[in-house]
> 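Submitted below is the structure of interest, expressed as structure tokens.
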Amino acid sequence: MKKYLLVSLLTIFAIAFLAACGTSDSTSGGGEEAAGDKKVLKMGTSADFPPFETIDEQTGEYVGFDIELTKYIADQLGYELEIDNMDFGGLISALQSERVDFVASGMSATNERKESVDFSIEYHKSGEMFVTLKDSDIKSFEDLNGKTLGVQLGTIQEEGAKKIQEDDLKDLKITPLNKAPELIQELKAGRIDAVYLDKTVALGFINELDLAGFDDPTESSPGMAIAFPKGSELVEEFNKVLEEMKENGELEKLEKEWIEE
Ligand code: ARG
């Protein structure tokens, strides 16, 4: 009898607690309001980018390098994480309007973005690749001229493709889409000829879906970093933990687990 009472009391507390979280959260506008004794940090991401962030089809949970990385950091700093999944192209404005407290989304710390947001120290560096079907006649950069190249909206690859079109391949056609897997679908369906992607992500798709590809011989992009609204005090807190992770091997452990297969 007593046990049931305890259980139902606990349930009531849990519901009250969740309700409190809900209200504090909706009134805080993505701020750092207390929920219980842990503060909630709202993270923006575009969960379409394995192995950095994606949704596990079986469990429906967010998984990936960035997810583990930020969970670890939040844990060390005593924060609770809440993930807000959106299109990559909307992340910078979500930061600017402070709808999220930070963004971890395989985002490259470019000088252009540094004008509107602050970045942590870099945690990973890849490069770019062009992904094609295995039997494609596109084998090199020059072969792309006259072909249709898919890019994700708002990414440095979209910018990069425009630059390639301007400087080198005047007849390149560019198809921007919202989600990275859509690009791969379009490639498989033959509606675009190649996809321009982050190298780490590209290699994953190539291996998993039996595709082909080659490195971008043009520019190399800056490394990935966590982004914050300008002036956020979180930058320093996050950097401290990131430095620690570089020293104590935690970062390497994550790289081994998610990036080097
Ligand atoms: N690194 C590239 C950039 O910063 C692409 C990132 C795309 N991320 C994603 N989660 N879809 O523009």
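As the structure lists them, so they are numbered: ligands from 1, and atoms in each ligand from 1. Index from 1, following the sequence. Keep in mind that this is a model prediction, so the values were computed, not measured.
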> If we only count N/O pairs under 3.5 Å, is Gly106 in contact with ligand 1?
yes
> Of all the non-hydrogen atoms in the protein, which one sits nearest to atom 8 (N) of ligand 1, and at what distance?
Ser105 O, 2.8 Å
> Give the residue, atom name and distance (to 0.1 Å) of the protein heavy atom nearest atom 5 (C) of ligand 1.
Gln157 OE1, 3.4 Å
> Can you tell me if Glu53 uses its side chain to pair, donor with acceptor, with the backbone of Ala47 under 3.5 Å?
no
> Between Gln152 and ligand 1, which residue portion shows a heavy-atom distance shorter than 4.0 Å: side chain, backbone, both, or neither?
side chain
> Does the gap between the ring centers of Phe238 and Phe102 come in under 6.0 Å?
yes
> Charged N to carboxylate O below 4.0 Å: is that the case for Asp215 and Lys199?
yes
> Suppose I only count heavy atoms of Arg113 and a 4.0 Å limit; which atoms of ligand 1 are within that range?
3 (C), 4 (O), 12 (O)
> Check each atom of ligand 1 against the heavy atoms of Asp48 and keep those under 4.0 Å away; list them by number with element.
9 (C), 10 (N), 11 (N)
> How many angstroms lie between NZ in Lys42 and CG in Asp101, if you round to the nearest 0.5 Å?
8.5 Å
> Return the set of residues passing salt bridge (charged side-chain N to carboxylate O under 4.0 Å, His left out) with Asp137 (not counting sequence neighbours), or none when no residue passes.
Lys147
> Going by the atom numbers of ligand 1, which of them fall below 4.0 Å from some non-hydrogen atom of Met107?
4 (O)
> Do any nitrogen or oxygen atoms of Asp198 come within less than 3.5 Å of a nitrogen or oxygen of ligand 1?
no
> Can you sort out which atoms of ligand 1 are near Ile156, meaning under 4.0 Å from one of its heavy atoms?
2 (C), 3 (C), 12 (O)
> Taking only heavy atoms of Glu53, which atoms of ligand 1 are found under 4.0 Å from at least one of them?
10 (N)
> Heavy-atom contacts with Ser108 under 4.0 Å: which atoms of ligand 1 show up? List them by number with element.
1 (N), 2 (C), 3 (C), 4 (O)
> Walk me through it: do Lys253 and Glu250 pass the test salt bridge (charged side-chain N to carboxylate O under 4.0 Å, His left out)?
CA-CA 5 Å; Lys253 206 172 105 192; Glu250 282 295 332; 3.7 Å; yes
> Which residues pass the salt bridge (charged side-chain N to carboxylate O under 4.0 Å, His left out) test with Lys230, not counting sequence neighbours?
Asp118
> For atom 9 (C) of ligand 1, what is the nearest protein heavy atom, given as residue, atom name and distance?
Phe49 CG, 3.3 Å
> One thing to verify: whether Glu252 and Lys256 come together as a salt bridge, which I'm taking to mean a side-chain N less than 4.0 angstrom from a carboxylate O.
yes
